[in-house]
> 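Okay, handing you the structure first.
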Amino acid sequence: MSDRKNIFVLGLDEANLPTLRAVPDVESYAFHPLLTIEELQHGEVSVADLFEKAQKVLDDFDGSIDAIVGYWDFPVSTLVPMLSERYGTRSTGLESVVKCEHKYWSRLEQQKVADAHPRFGRVDLETDDPRPPEGVNFPMWLKPALSYSSELAFGVKDQQEFREAVDEIRKGVARVGRPFEYILDRLDLPEEMAGVGGQVCLAEEALSGIQVAVEGYVHNGEVTVYGVLDSINYPDSSSFLRHQYPSALPEPVIRRLHDVSERVMRQIGMEAATFSIEYFYDPQADAINLLEINPRHSQSHAELFEYVDGVPNHHCMISLALGKDPALPHRAGRYKVAAKWYYRWFADGAARQVPTAEDIERIEREIPGVRVDVVPEEGQRLSETPQQDSYSYELAHIFTGGDSEEELREKYDRCVAALNLAFDETTPGGRDQKNV
C-alpha cells in the first residue's frame, strides 16, 4: 500500500473520521493525526511549541508527507501554511489566513472591495473609561480580534453593558491574542496594521436578519462557491439552533452572496484553500452584511453536504492539498435538505444521565438519516465543557437528512427524546436567553 497518499490532519477527531472516510478515492489516502484537539485548543496555546511538536512528528515519519490539512480555527489554520511551507506541501500563504482571522485586519481588507459590512472600529482596552468607537452605534457586538467559537463575543445595548463586556474581554483576551502575536511577528504588516497587535478588541454594529454561511474554495486563482446554508437561531437568542442546507433564500440574493464572496476572497489573496464566510441578509432592507471569514471549510457542515450532494466538503480540502480537482458533485445525495442541530441548555448544571455509545448507535439505526454527537460526559458540569458561546451550553449535535423541513424537525425531535439527557438542578444565576 506504499502508493497511498499520506495526509496529516491537525486536530484529527473521532467526530470527523466518518466524513473523512466518505470522501471519493479514500482507499488511496492514509490519514494521520497531527497534534490533539487538547494540545491545540485548551488553555493558552504556544504556537512556537506546537510548531516544534508537529515538526517532530513529521520528521520522525517514515514515508512521504503528501498533504498537511486542518479544518479548525487558530492555531490550526495558521499552522497549516507554516508546516506546508516547511515540508513543501500545497496550501495558501500565512498572510491570507491572518487577513481572514484577525477580525480588524479582515474588515480593513473587506472595505476595499465591498460595502457589505457593518460599521466597525477598535476599542481601547487600556483606558480607564472605555468608549465605543466614533460612528459605531448601540446595539453592538464586542469581540477580540481573534477568538474561538464566539468565545468572549458580547452583544451590548448600552454604555454599562459595554463596560462590563470590556472588563470580561480584558481578562480573557491574552489566551488567544498573545499566541497570535507570534504569528503577526512573522509577517511584513502593512502600515494600517502597525502597532495593532493581536490583543485588540473590535466593536461592530449589531446586524439583523437571516444568518447565512457561504462555503467555497480558491483553486488556480479562481474563486468557487459550492454551497450556501441558512443558520437559524433559538428564538430571542444569538445561539444557533441549526444550520440548514441548501439555503431557502431567493436566487438573486444567493447570486449577490456569491459575488461579494468572490470579490473579498480575491482581495485577501487565498490560493489552494477552502473558506467559509458568515453573512446576515436583512429582507426588509434587502441588505447583505458580511459577519466574518473563516480561512477553512466548516467541518460542522460535512454531513450536510454528504446528505444533499453525496460527498462531504472535506473532499475540497483534501483535493486542493493534493493538487486534484476539488469540485463537489451537485445534489447527488440521498436527501433534498439536511440540517445540523445544536441541542442547547441555557443554564448551568451537571450531566446526570448521558447516553452510551451503544444507545447512540441504536438511535442512528432506528432513525434513518441521522447522526448524533453528545458533548458532555457523565457527571461533567456544563460550564466546564470547552468552546461554548457566551450565552448557552451545547448538549449534543444532531445531524438530520430529509426531503422536507418538517422531516428534519421530526427526526430532530425524535433524537432529543431518545437521548434522554438529564441534569441536576441548574445553578442560580446561570445563563438565560436574554441578549441582543
Side-chain angles (χ1 to χ4, degrees), residues 41-46 73-75 101-108 118-184 193 195-208 233-234 236-240 278 291-292 344-349 381-394 426-436:
Q41 292 185 350
H42 295 183
E44 186 171 321
V45 297
S46 160
D73 293 326
F74 179 83
E101 294 231 292
H102 193 291
K103 290 184 172 69
Y104 180 66
W105 195 359
S106 190
R107 287 291 187 217
L108 297 179
R119 285 195 282 261
F120 68 95
R122 283 161 59 197
V123 176
D124 186 355
L125 293 177
E126 305 298 318
T127 180
D128 295 336
D129 183 24
R131 295 270 159 186
E134 203 175 319
V136 180
N137 303 311
F138 291 112
M140 65 179 72
W141 278 89
L142 291 191
K143 50 187 90 165
L146 192 84
S147 65
Y148 300 129
S149 307
S150 305
E151 194 180 293
L152 293 180
F154 297 96
V156 299
K157 57 182 183 295
D158 56 36
Q159 186 60 31
Q160 187 187 334
E161 289 187 357
F162 178 89
R163 271 202 205 94
E164 288 166 2
V166 168
D167 285 344
E168 287 296 313
I169 290 169
R170 269 192 196 125
K171 281 185 252 171
V173 70
R175 183 174 97 76
V176 180
R178 203 169 9 220
F180 198 46
E181 286 177 346
Y182 168 83
I183 299 293
L184 291 172
M193 281 295 290
V196 173
Q199 298 183 60
V200 64
C201 175
L202 191 64
E204 302 185 336
E205 283 188 13
L207 298 171
S208 60
N233 288 350
Y234 277 80
D236 303 318
S237 166
S238 61
S239 300
F240 287 136
E278 293 168 45
L291 179 62
E292 64 180 33
R344 294 179 187 272
W345 203 254
F346 287 84
D348 200 2
R381 286 204 79 69
L382 295 178
S383 53
E384 288 162 10
T385 53
Q387 307 285 295
Q388 302 289 3
D389 71 19
S390 301
Y391 298 104
S392 70
Y393 303 103
E394 294 172 11
T426 56
T427 48
R431 299 175 182 184
D432 60 28
Q433 295 193 36
K434 285 165 66 184
N435 58 81
V436 290

> Might you confirm whether atom CZ of Arg119 has over 12 heavy atoms from other residues, nucleotides or ligands at distances under 6.0 Å?
no
> Is the shortest side-chain heavy-atom distance between Val45 and Phe74 below 4.5 Å?
yes
> Just wondering, do Leu152 and Phe154 contact through their side chains at under 4.5 Å, heavy atoms?
yes
> Tell me the closest heavy-atom pair linking Gln159 and Pro130, and the distance in Å.
NE2-O, 3.1 Å
> May I ask you to decide whether Glu181 forms a salt bridge with Arg178, counting only side-chain N to carboxylate O separations under 4.0 Å?
no
> Testing the basics here: between Arg170 and Asp167, what is the closest heavy-atom pair and its distance to 0.1 Å?
NH1-OD1, 2.9 Å
> Sort out for me which residue in Glu204, Arg107, Lys103 forms a side chain to side chain contact (heavy atoms under 4.5 Å, CB included) with Glu292.
Lys103
> Can you tell if the side chain of Leu146 reaches within under 4.5 Å of the side chain of His102, non-hydrogen atoms only?
no
> Where is the tightest heavy-atom contact between Leu142 and Ala165, given as atom of each residue plus distance?
CD1-CB, 3.8 Å
> Before giving the answer on side chain to side chain contact (heavy atoms under 4.5 Å, CB included), spell out for Tyr393 and Ser383 the whole-Å C-alpha distance, their side-chain angles and the decisive distance to 0.1 Å.
CA-CA 7 Å; Tyr393 303 103; Ser383 53; 3.8 Å; yes
> Could you walk me through whether Glu101 and Phe180 pass the side chain to side chain contact (heavy atoms under 4.5 Å, CB included) check?
CA-CA 10 Å; Glu101 294 231 292; Phe180 198 46; 4.3 Å; yes
> What do the steps show when you test Leu207 against Trp141 for side chain to side chain contact (heavy atoms under 4.5 Å, CB included), and what is the final call?
CA-CA 9 Å; Leu207 298 171; Trp141 278 89; over 6 Å; no
> To the closest 0.5 Å, what do you measure between CD (Gln199) and CD1 (Ile169)?
12.5 Å
> Going by an N to O cut-off under 4.0 Å, is there a salt bridge joining Arg163 and Asp129?
yes
> For the CZ atom of Arg344 and the OG atom of Ser237, what is their distance to the nearest 0.5 Å?
7.0 Å
> Would you mind reporting whether Tyr104 and Met193 have side-chain heavy atoms less than 4.5 Å apart?
yes
> Testing the basics here: between Met140 and Pro132, what is the closest heavy-atom pair and its distance to 0.1 Å?
CE-CB, 3.6 Å
> Quick check: do Phe162 and Phe138 have side-chain heavy atoms less than 4.5 Å from each other?
yes
> State which residue, out of Asp124, Leu202, Val123, fulfils the side chain to side chain contact (heavy atoms under 4.5 Å, CB included) condition with Pro133.
Val123
> Which pair of heavy atoms, one from Cys201 and one from Leu125, lies closest together, and at what distance?
CB-CD2, 3.7 Å
> Say you draw a straight line from CD of Glu394 to CZ of Phe240; how long is it, rounded to the nearest 0.5 Å?
10.0 Å
> Hey, mind stepping through Lys171 and Glu168 against salt bridge (charged side-chain N to carboxylate O under 4.0 Å, His left out) and telling me if it holds?
CA-CA 5 Å; Lys171 281 185 252 171; Glu168 287 296 313; 3.3 Å; yes
